[in-house]
Amino acid sequence: MSCAPASKPTSRPPASCSPPAISPKAPAPWCRRMSENRPMSADYKATVFLPRTDFPMKAGLPDLEPRLLRRWADIDLYGRMRAAARGREKFVLHDGPPYANGHLHIGHALNKILKDVIGRTQSMLGKDADYVPGWDCHGLPIEWKIEEKYRAEGLDKDQVDVVAFREECRQFAAKWIDVQREEFKRLGVVGDWNHPYTTMTFKAEATIAAELGKFLMDGSLYRGAKPVMWSVVEKTALAEAEVEYHDHTSVTIWVGFPVVKASRPELDGAKVVIWTTTPWTMPGNRAIAFGAEFDYAVVEVETVEDGALAWPGQRYVVLKDQIEQVAKDAKCSFLLVATLTGADLAGTVCHHPLKFHPDADGGYDFDVPLLAGDFVTTDTGTGFVHIAPGHGEDDWQLGVANGIAVPDTVQPDGTYYPHVAIFAGQAVLAQGKNGKYYSPVAKPVIEAMKACGNLLAHGKVEHSYPHSWRSKAPLIFRNTPQWFISMEKTGLRDKALAAIDATRFVPDQGRNRIRSMVEGRPDWCVSRQRAWGVPITVFVEKKTGQPLREQEVVDRIVAAFMEEGADAWYTSPPSRFLGNGRDPADYEQVVDILDVWFDSGCTHAFVLEGDTWPNLRAPANLYLEGSDQHRGWFQSSLLESCGTRGRAPYDAVLTHGFVLDEDGRKMSKSLGNVVSPQDVVSTMGGDILRLWVTGSDYSDDLRIGQEILKTQVDIYRRLRNTLRYLLGALDGFTDAERLPAGDMPELERWVLHRLTQLDAGLRRACADFEFHGWFTELHTFCAVDLSAFYLDIRKDALYCDTADSPRRRAARTVMDILLDTLCKWLAPFTCFTAEEAWLARHPSEDGSVHLETFPDIPAEWRNEALAAKWDAVRAVRRVVTGALELERAAKRIGSSLQANPLLYVDGNLYPAIADVDMDEVCITSGMLVVEGQVPDGCFILADVPGVGVLPRPAEGEKCQRCWKVLHEVGKFSHQGVCGRCSDAVDRLAGSAE
RNA sequence: GGGGGUGUAGCUCAACGGUAGAGCGGGCCGCCUUAUAAACGGCAUGAGCGCCGGAUCAGCGCACGAUCCCGGUUCGAAUCCGGGCACCCCUACCA
């Protein structure tokens, strides 16, 4: 067994006999805190290098951030960032445009902060990553706002000039762009805010028209007829995104369709029973669908109850499993006559149940065939679905597949066309006195069916039903002429699928998601019967009904739009576009506008291409939006670009989840769980919100609430105080003090090694666009490695060593590297605080950390062997601190400097600590390290075998300067201090002269 | 209804077929004002069920435990498979 004192001998002899040089700034007497047994001791506080900085502990972000934003504007930081990036490799993150309507919500904040973080990390990796924000301006929500205003003034929109109306919409969008711009900037998002793109600039409108022209010219744009979700209140077709589902009470009817041609003898004289919740669609009925796999039954009415509409002896065909339910609904009992499968029904033909109505006048004199439909289900109804091809997607497809013409029955205002027998002019939907919508024609239909003897029953049902997201009125499916882009004519679907395969998706599940949507989607309906948008710039030749496909015409339209905006479509005579050779009377000018998804799908064309923003280029490296945009912008952009350019407009697509409350529920006003970014920013600060984004796994849904934000504030405080301490420690640091890494103690080299690990992690995180794991690591580094370990240990050298001590110089060199590195690493994330700290270190008129790039961490700092050794040192340290804790609990010691323990380390771990100052590492006044077995009675930790600590109090006097308790104290020229401190005081006095 | 996703300590996240971990928070202690306190350090907690207590701590018992629940594959499952439940996104709107 060998004994080795771990403390370095203090060999410096007493220096001089001169009295201690005490700084004139010696504290006032009330600060005196000397122990009573050393009444004559001096106060050495002024000779200690305490941290000094103006960087405040309390951030005051709500005040600080606007100040920094003003500074950045004053020094044109954005312009200088662009200048600094000139010539570098480009990284283009193309902004998905938010809708310019209303204040930002937390989802906007997440999206834009994430974009900003990625843009900034790419910049700091040394790329040219310009960010041009954009806005989506056209569309129904704004149009509706203006209409609302008109209604409030008692005006009808139709009385207002369309160009004037569009101008109001434009002003409205412009107003909200200004509001949102300021809100985004407040979040610290950096970009070309003075030159954002919008979908309503003349150039954008012209480009959109030009892009549409490409689909026109290649034949994929066509006019078709299709039932679409239609609002009779707004008199327009609605996009999928504009539809909401709410409960709605509908009248239901059971109707028997008399069989006129039976595929099987059992069906002769029977009626096929359908059930529907939309009686108003009965005039549009043209077929009946059944499930080929299901079992059906022919039943005969045996008895009837009061109020039943059937009569004994009548035969009906229904789904076998629903016999009892239908009997109950029809208030009668059935006898089973025959059973047959769905397939047996093929070929059966019925006539319309209203064919023999006295007022029918031949209007319902047509065959109603039974057709197999795979959408038929057995859980509700009768197993038969009435098919009105003009009133449903399934209906339409089945009709088209079987060559059935799609009838037009309902006019745009929701009334039947004059040609509709019995019901002409009646409304299918109206608002009752109680404000609820109902179908006024339900009753007449019931009466008509009754009159024909074909009504079996009627009732009411409450069910989820589509409603207009704005007017909240129920919607109908209505057959309308619409413009479509074919998914097949030019192979658009295949091109899009190939492009999906060629795109990187982060996370990868996004690929399947968009793929399955593109695989199954119908042709793209791009028309809207509205006013605020880019018109469908097409002329239809009256003679042929075909759109005019003429490039010169397209070019003239585009040129006009470029000069005057899309209003030119409304203000110019058609001859201006048609040219001299054509008679405008021969053409119909289309007045529909484009779906706003087509607008935003074209942003790549007018933002990334061309020279308006020379820092951008197509295709974009990245599109980044919420996961709902698989259906929206990711797809509209993909289809537009594949149709016109044969490839996706992006190389990679990143999606993030949705923001939920702390319990994982959707935010809603009614639940009162809405967190607004404006509130967070004004009470806690933008950096807190940015920290929340950075620390969250945004590939999935993420949560926010008071507790989560409080956690972010705590994390922020740790980062801030680490920066603050480093700033204080570096007070007066100059390059002359710097020491090369090779000359540093192991502890410093270990810190540098940790930086190489974190650096590698950061670069990985940037490449993967995934920061939360790395950020946790960085925070742990600050809290555990720096604050609790490295900085704590180095306080002694920092405060008490002489200014030229290599140990102190090494520490300050590393702290400078740490501060520099932390500021730069934090810059993309907590952009305000990083700047604040940077400026505290490098005061300057126009400097900024955001003009920097990530530091180059020298590869030679990496030292795995050293790291392994220091892992062992820290394990031993834990045993010591654990032992001291018991002493503290027993009131034998307070601070660890009051201890001078005996440390036993066996042969396994001893080599790791043999040449380490364990008293320095453990912050004790001394330590005796013994290599060998741990004797009984020592403090041990189960997970650090072979290490034992025998705590002992430090003996001697407490050095008044460094607080170590040492025997040598008092034996030097200065009173009450150790040799090192006495020397340091001398040096200080010398340099002060 | 269909498609996709998620579910691990109070919070944020690890581990992703082989000992369930970190940081933060909360708790206790120290810091003799040397990160001057909205600071700093240390320690111990924290992922079943039940019993006994007015309650808390401690204690005891069951289990032989712990990754939303149930089941399966496996020597071994948080991890793979199946079935539920909950929540989120997309979609449909069911006649």
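Only this structure's heavy atoms are used, side chains among them; waters, hydrogens and symmetry mates stay out. Reminder, nothing fancy here: chain letters follow the sequence lines and each chain counts from 1.
Applying the Watson-Crick and G-U wobble criteria (two distances, each under 3.5 Å), B:rC40 pairs with B:rG30. With a cut-off of 3.5 Å on both Watson-Crick or G-U wobble distances, the partner of B:rG1 is given as B:rU91. Partner assigned to B:rG10 is B:rC24, using Watson-Crick or G-U wobble distances below 3.5 angstrom.
At a threshold of 4.0 angstrom between heavy atoms, the contacts of A:Phe375 include nucleobase atoms, whether or not backbone atoms are also involved. Nucleic acid contact for A:His779: sugar-phosphate only, since backbone atoms but no base atoms lie under 4.0 Å from a heavy atom of the residue. Across all strands shown, A:Gln898 has heavy atoms under 4.0 Å from base atoms, whether or not it also approaches the sugar-phosphate. A:Arg961 comes within 4.0 angstrom of a base, heavy atoms only. Residue contacts shown for A:Lys795 include a base, since a base heavy atom lies under 4.0 Å away. Nucleic acid contact class of A:Val713 (heavy atoms, under 4.0 Å, all strands): none. Backbone-only contact: A:Phe658 has heavy atoms under 4.0 Å from sugar-phosphate atoms and none from a base. Among the atoms of the strands shown, only primed sugar atoms or phosphate atoms (P, OP1, OP2) are found under 4.0 Å from some heavy atom of A:Gly894. Contact annotation for A:Gly381: no contact, since no heavy-atom pair falls under 4.0 Å across all strands. Among the atoms of the strands shown, none is found under 4.0 Å from any heavy atom of A:Thr382. Contact annotation for A:Ala788: backbone-only contact, meaning every heavy-atom pair under 4.0 Å involves sugar-phosphate atoms and none involves a base. Among the heavy atoms of the strands lying under 4.0 Å from A:Phe477 are primed sugar atoms or P, OP1, OP2 only; no base atom is included. Counting non-hydrogen atoms under 4.0 angstrom, A:Ile708 reaches the backbone sugars and phosphates but no base.
Side-chain proximity of A:Val784 to B:rC89, B:rG23, B:rC13: nearest is B:rG23. Here the side chain of A:Glu707 is nearest to one of B:rA44, B:rC11, B:rG41, namely B:rC11. Closest approach to the A:Glu885 side chain among B:rC43, B:rC93, B:rC32 is made by B:rC43 (side chain taken as heavy atoms from C-beta onward). Comparing B:rC40, B:rC88, B:rU34 against the side chain of A:Asp792 picks out B:rC40 as the nearest. Here the side chain of A:Lys710 is nearest to one of B:rG25, B:rC40, B:rC87, namely B:rG25. The side chain of A:Lys958 lies closest to B:rC32, out of B:rC32, B:rC13, B:rC90. For A:Thr780, the listed nucleotide lying nearest its side chain is B:rG23; candidates were B:rA38, B:rG23, B:rC13. The side chain of A:Thr277 sits closest to B:rC94 out of B:rC11, B:rG30, B:rC94. In the set B:rG30, B:rG5, B:rA38, the nucleotide with an atom closest to the side chain of A:Asp700 is B:rG5. Minimum atom distance to the side chain of A:Asp714 is reached by B:rC24, of the listed B:rC90, B:rU34, B:rC24.
One finds a side-chain N or O of A:Arg718 lying less than 4.0 angstrom from the OP1 or OP2 phosphate oxygen of B:rC40. Dashed line: the shortest gap from a side-chain N or O of A:Ser699 to OP1 or OP2 of B:rG5 is not under 4.0 Å. The side chain of A:Thr881 places an N or O atom within less than 4.0 Å of a non-bridging phosphate oxygen (OP1 or OP2) of B:rC43. Applying the 4.0 Å criterion to OP1 and OP2 of B:rC89, one finds that A:His656 has every side-chain N and O outside that range.
Rounded to whole Å, the separation between the C1' atoms of B:rC68 and B:rC64 comes to 22 Å. Nucleotides B:rG71 and B:rA77 are separated by 14 Å at their P atoms, to the nearest Å. Straight-line distance between the P atoms of B:rG4 and B:rC94: roughly 24 Å, to the nearest whole Å. Comparing B:rC88 with B:rA44, their C1' atoms sit 38 Å apart, to the nearest whole Å. Annotation: B:rG46 and B:rG21 have their C1' atoms spaced 13 Å apart (nearest Å).
The 5' end of RNA chain B is approached more closely, in terms of each residue's nearest nucleotide, by A:Leu791 than by the other of A:Leu791 and A:Asp663. Nearest-nucleotide positions on RNA chain B for A:Arg513 and A:Thr722 put A:Thr722 closer to the 5' end.
Summarising the geometry of A:Trp280 relative to A:Ser439, their closest heavy-atom pair is CD1-OG, 3.8 Å, with the distance given to 0.1 Å. Smallest separation of non-hydrogen atoms from A:Pro389 and A:Pro227: O-CG, 3.5 Å. When every heavy atom of A:Arg724 is checked against every heavy atom of A:Thr53, the shortest pair comes out as O-CG2, 3.8 Å.
The side chain to side chain donor-acceptor pair (under 3.5 Å) with A:Tyr716 is formed by just one residue from the set A:Thr711, A:Asp687, A:Thr833, A:Thr830; it is A:Thr833.
No hydrogens or angles considered: nothing links the side chains of A:Thr924 and A:Asp919 as a donor-acceptor pair under 3.5 Å.
Ring to ring, A:His656 and A:Tyr698 are not that close: their centroids are 6.0 angstrom or more apart.
In this entry the distance linking CZ of A:Arg720 with P of B:rA38 reads 14 Å, nearest Å.
With contacts defined as side-chain heavy-atom distances shorter than 4.5 Å, the pair A:Leu886/A:Pro951 does not qualify. Within the 4.5 Å cutoff, side-chain heavy atoms of A:Phe634 are placed close to those of A:Ile514.
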